[in-house]
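The structure appears below as structure tokens.
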Amino acid sequence: MSKIKNEPKITFSLIQAVRGQMEQRAQWLYLLCDEAGKRGLDWWDVGSHAIKRCGLNQGADLVKKGGTKSLKGLRKTLFTLPGQWMFEMDVKRCDDDHLDIDFHYCPLVKGWQKMGCTDEEIALLCDIAMCGDQGIGEAYGCVLDLPKAIAKGDDVCQLRYHR
């Protein structure tokens, strides 16, 4: 029995449709890692580096778009209201050097659950996916801590960016 609890509270049809696209991208990550594994490659070795590169690129674009490395700018450009709905986010703190956000739902985890991934696979895929968020933080001159994660059986994902 899975220890992961991940059910949305916001269920509007448009939100569900966008989440479906996010689930599909999570499934792509799983399938890419699974195929790499079948060829003798380690999921972490393949996935983490690729996803980090994506995060670094996205972060550089966000810094350019926002014109600042303030974490207020990251919140404004990445964690917009539609994004907050998708992940049922709660912004806990936001200043120039700190951005604390709790995610109460994860469409990526839902996509992996739909693929029949084990709890261990979901935890690893989450770690790989979070390399993108770490890359974004690095582009802002920050680090990201993840004290809790839905993918690891917690009730919430706690993203903590800090300088």
Side-chain angles (χ1 to χ4, degrees), residues 1-56 58-59 71 74-75 78-94 98-138 142-162:
M1 177 101 175
S2 176
K3 66 180 181 179
I4 299 171
K5 306 294 182 234
N6 185 45
E7 296 303 324
K9 290 184 177 63
I10 300 172
T11 58
F12 301 118
S13 60
L14 179 61
I15 301 295
Q16 292 292 78
V18 174
R19 284 178 176 157
Q21 293 173 344
M22 294 173 153
E23 290 171 14
Q24 183 184 43
R25 282 155 182 80
Q27 292 168 357
W28 291 350
L29 177 60
Y30 163 70
L31 292 169
L32 286 166
C33 288
D34 185 57
E35 288 297 325
K38 289 177 182 178
R39 287 158 178 77
L41 302 171
D42 180 83
W43 287 21
W44 177 260
D45 286 343
V46 172
S48 64
H49 297 288
I51 299 300
K52 175 103 182 250
R53 284 174 52 199
C54 183
L56 288 166
Q58 184 181 13
L71 290 175
L74 176 58
R75 188 223 173 274
L78 182 60
F79 299 107
T80 61
L81 189 56
Q84 290 178 35
W85 293 336
M86 295 308 129
F87 290 88
E88 301 187 11
M89 293 180 204
D90 181 19
V91 178
K92 297 294 194 179
R93 174 169 66 160
C94 181
H98 301 89
L99 179 55
D100 298 349
I101 305 176
D102 288 355
F103 291 53
H104 298 280
Y105 176 75
C106 183
L108 301 166
V109 168
K110 184 57 74 179
W112 299 323
Q113 289 173 316
K114 287 180 177 179
M115 292 295 292
C117 294
T118 66
D119 284 3
E120 293 77 20
E121 289 171 330
I122 291 171
L124 177 56
L125 289 163
C126 174
D127 286 343
I128 292 168
M130 291 307 298
C131 289
D133 297 280
Q134 291 169 356
I136 291 169
E138 192 174 312
C142 296
V143 296
L144 171 65
D145 294 322
L146 188 69
K148 289 187 172 186
I150 292 168
K152 296 180 180 168
D154 295 315
D155 62 337
V156 64
C157 288
Q158 294 179 327
L159 277 74
R160 303 297 186 251
Y161 288 97
H162 56 91

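Within the structure, salt bridge (Lys or Arg N to Asp or Glu O under 4.0 Å) contacts touching residues 44-54 (residues at least two apart or in different chains) are K52-E138. Evaluation of the ring-ring contact (aromatic ring centres under 6.0 Å, His included) test over residues 9-35, restricted to residues two or more places apart or in two chains, returns Y30-W43. Sequence neighbours left out, the pairs with a member in residues 25-38 that pass salt bridge (Lys or Arg N to Asp or Glu O under 4.0 Å) are D34-K38, E35-K38, E35-R39. For the salt bridge (Lys or Arg N to Asp or Glu O under 4.0 Å) condition, the pairs that include at least one residue of residues 103-120, sequence neighbours left out, are E7-K110, E23-K114. Among residues at least two apart or in separate chains, side-chain hydrogen bond (donor to acceptor under 3.5 Å, both in side chains) pairs with a member in residues 142-157 are D127-K152, D145-H162. Residue pairs that meet the ring-ring contact (aromatic ring centres under 6.0 Å, His included) test with at least one member in residues 98-129, sequence neighbours left out, are F87-F103.
With sequence neighbours excluded, no residue forms a side chain to side chain donor-acceptor pair (under 3.5 Å) with D42. Among residues two or more places apart in sequence or in another chain, the ring pair (Phe, Tyr, Trp, His ring centres under 6.0 Å) test is passed with Y161 by none. Residues satisfying the side chain to side chain donor-acceptor pair (under 3.5 Å) criterion with N6, sequence neighbours excluded, are absent altogether. By the salt bridge (charged side-chain N to carboxylate O under 4.0 Å, His left out) test, R75 pairs with no residue at all, sequence neighbours left out. For A50, there are no side chain to side chain contact (heavy atoms under 4.5 Å, CB included) partners, not counting sequence neighbours. K9 pairs by the salt bridge (charged side-chain N to carboxylate O under 4.0 Å, His left out) definition with nothing, not counting sequence neighbours.
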